[in-house]
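Only one structure is covered here, and it is reproduced in the block below.
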Amino acid sequence: MNNQTEIENYWKQFVKEKGISATNYSAWSFGDSKQMADELAELVVKGDKTATTSAYDLYEIGEKIPEVGEYNMILDGNHHPVCITQTKVAEIVPFNFVSAEHAYHEGEGDRTLSYWRKVHEDFFKREYADANKTFSEDIPCLCEVFKVVYK
């Protein structure tokens, strides 16, 4: 079975078991490496990671921006489904105003704001460089809070 078939079957099973009629979802993995995708997907499944942050400036024109109520299928580093989440909060916050509470809910490292800032600054600097842009501490971040609804 290829990954796309596996993803579609996972979604169909979720919809059937939950008795919902939703048809739209996004399937994606965290980070920029297989290892990061695996580690962060595991944190979501364990319940430690209930939030994520992306660089709002790096969304492509016409690319769908996360919205409250939508479903996301979280994939591991090999693009296999591990769970489905539902977005509960989606707000744009400058990088330097991301809260300690949000950092804690991201579930990474020691869950402190200082840890969050270090790893996210490193990550965003790479992402901005890849897009020929410059990172600064006031970049707009899309902060999401989600809940696992299926695993």
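This is a predicted model, so every value here is computed, not measured. Both backbone and side-chain heavy atoms feed into the values below; hydrogens, waters and symmetry mates do not.
- In this structure, the side chains of S99 and L113 stay at 4.5 Å or more apart for every pair of heavy atoms.
- Taking OG1 of T52 as the start and CH2 of W28 as the end, the distance is 5.0 Å to the nearest 0.5 Å.
- Partners of E127 by salt bridge (Lys or Arg N to Asp or Glu O under 4.0 Å), not counting sequence neighbours: none found.
- Checked by atom type, the side-chain pair T53/H102 shows a donor-acceptor distance below 3.5 Å.
- The two atoms that bring I74 and T85 nearest to each other are CG1-CG2, 3.9 Å, heavy atoms only.
- Looking at residues two or more places apart in sequence or on another chain, you find no ring pair (Phe, Tyr, Trp, His ring centres under 6.0 Å) involving F123.
- Side-chain atoms of I7 and M73, non-hydrogen and from C-beta on, do get closer than 4.5 Å to each other.
- Within a 6.0 Å radius of CD in E17, other residues, nucleotides and ligands contribute more than 12 heavy atoms.
- With values rounded to the nearest 0.5 angstrom, L142 atom CG is found 4.0 Å from S54 atom OG.
- The cationic group of K49 lies under 6.0 Å from the six-membered ring centre of F30 and within 45° of the ring axis, placing it in a cation-pi geometry.
- Partners of Y25 by ring pair (Phe, Tyr, Trp, His ring centres under 6.0 Å), not counting sequence neighbours, listed by chain and number: W11.
- Contact check on D122 versus R126 returns no salt bridge, with no Lys/Arg side-chain nitrogen under 4.0 Å from an Asp/Glu carboxylate oxygen.
- Between Y56 and Y59, the ring-plane angle classifies as tilted under the 30° and 60° cut-offs.
- Follow the hydrophobic side-chain contacts under 4.5 Å out from L75 and you reach I84 in the same cluster.
- Closest non-hydrogen pair, C83 versus V148, comes out as CB-CG1, 4.2 Å.
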Go through the steps to decide whether E108 and H120 satisfy the test side chain to side chain contact (heavy atoms under 4.5 Å, CB included), and finish with yes or no.
-> CA-CA 11 Å; E108 301 170 38; H120 281 78; 4.1 Å; yes

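- Put simply, I20 and V149 are part of the same group of oily side chains (I, L, V, M, F, W, Y) that touch within less than 4.5 Å, one to the next.
- Between G77 and D38, the shortest heavy-atom contact is N-OD1, 2.6 Å.
- Atom OG1 of T50 sits about 9.0 Å away from atom CD of E106, to the nearest 0.5 Å.
- Note that the NZ atom of K88 and the NZ atom of K147 stand 6.0 Å from one another [nearest 0.5 Å].
- Looking only at distances, no side-chain donor or acceptor of R111 sits under 3.5 Å from a matching main-chain atom of E101.
- Residue Y150 places its OH atom among more than 12 non-hydrogen atoms of other residues, nucleotides or ligands, all under 6.0 Å distant.
- Centroid-to-centroid, the aromatic rings of F95 and F135 come within less than 6.0 Å.
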Please test V82 against H80 for side chain to side chain contact (heavy atoms under 4.5 Å, CB included), starting from the C-alpha separation and ending with a verdict.
-> CA-CA 6 Å; V82 297; H80 299 292; 5.7 Å; no

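- Summarising the local packing, NZ of K64 is surrounded by more than 12 heavy atoms from other residues, nucleotides or ligands at distances under 6.0 Å.
- Between D138 and P94, the closest heavy-atom pair is O-CB, 4.1 Å.
- Looking at heavy atoms from C-beta onward, I92 lies out of side-chain contact with C141 at the 4.5 angstrom threshold.
- With E137 contributing its side chain and N96 its backbone, the two residues share no donor-acceptor pair below 3.5 Å.
- Considering all non-hydrogen atoms of both residues, Y10 and K151 come closest at OH-CA, 3.6 Å.
- Here CG of D57 is found 5.5 Å from NZ of K133. Values are rounded to the nearest 0.5 Å.
- A salt bridge links E121 with K125; the closest basic N to acidic carboxylate O contact falls under 4.0 Å.
- No more than 12 heavy-atom neighbours from other residues, nucleotides or ligands sit within 6.0 angstrom of NZ on K118.
- At a cut-off of 3.5 Å, with distance as the only test, no side-chain donor of S29 or D76 sits close to an acceptor on the other residue.
- At a threshold of 4.5 Å between side-chain heavy atoms, the hydrophobic network of Ile, Leu, Val, Met, Phe, Trp and Tyr places I139 and V93 in one connected group.
- Looking at heavy atoms from C-beta onward, E8 lies out of side-chain contact with E6 at the 4.5 angstrom threshold.
- The backbone N or O of T112 sits less than 3.5 Å from a side-chain atom of D110, completing a donor-acceptor pair.
- There is no side-chain donor-acceptor pair under 3.5 Å between T87 and Y71.
- The shortest side-chain heavy-atom distance between E42 and L40 does not fall under the 4.5 Å cut-off.
- Looking at heavy atoms from C-beta onward, V15 lies out of side-chain contact with Q13 at the 4.5 angstrom threshold.
- Annotation for E63 and L58: closest pair OE1-O, 4.3 Å, computed over non-hydrogen atoms.
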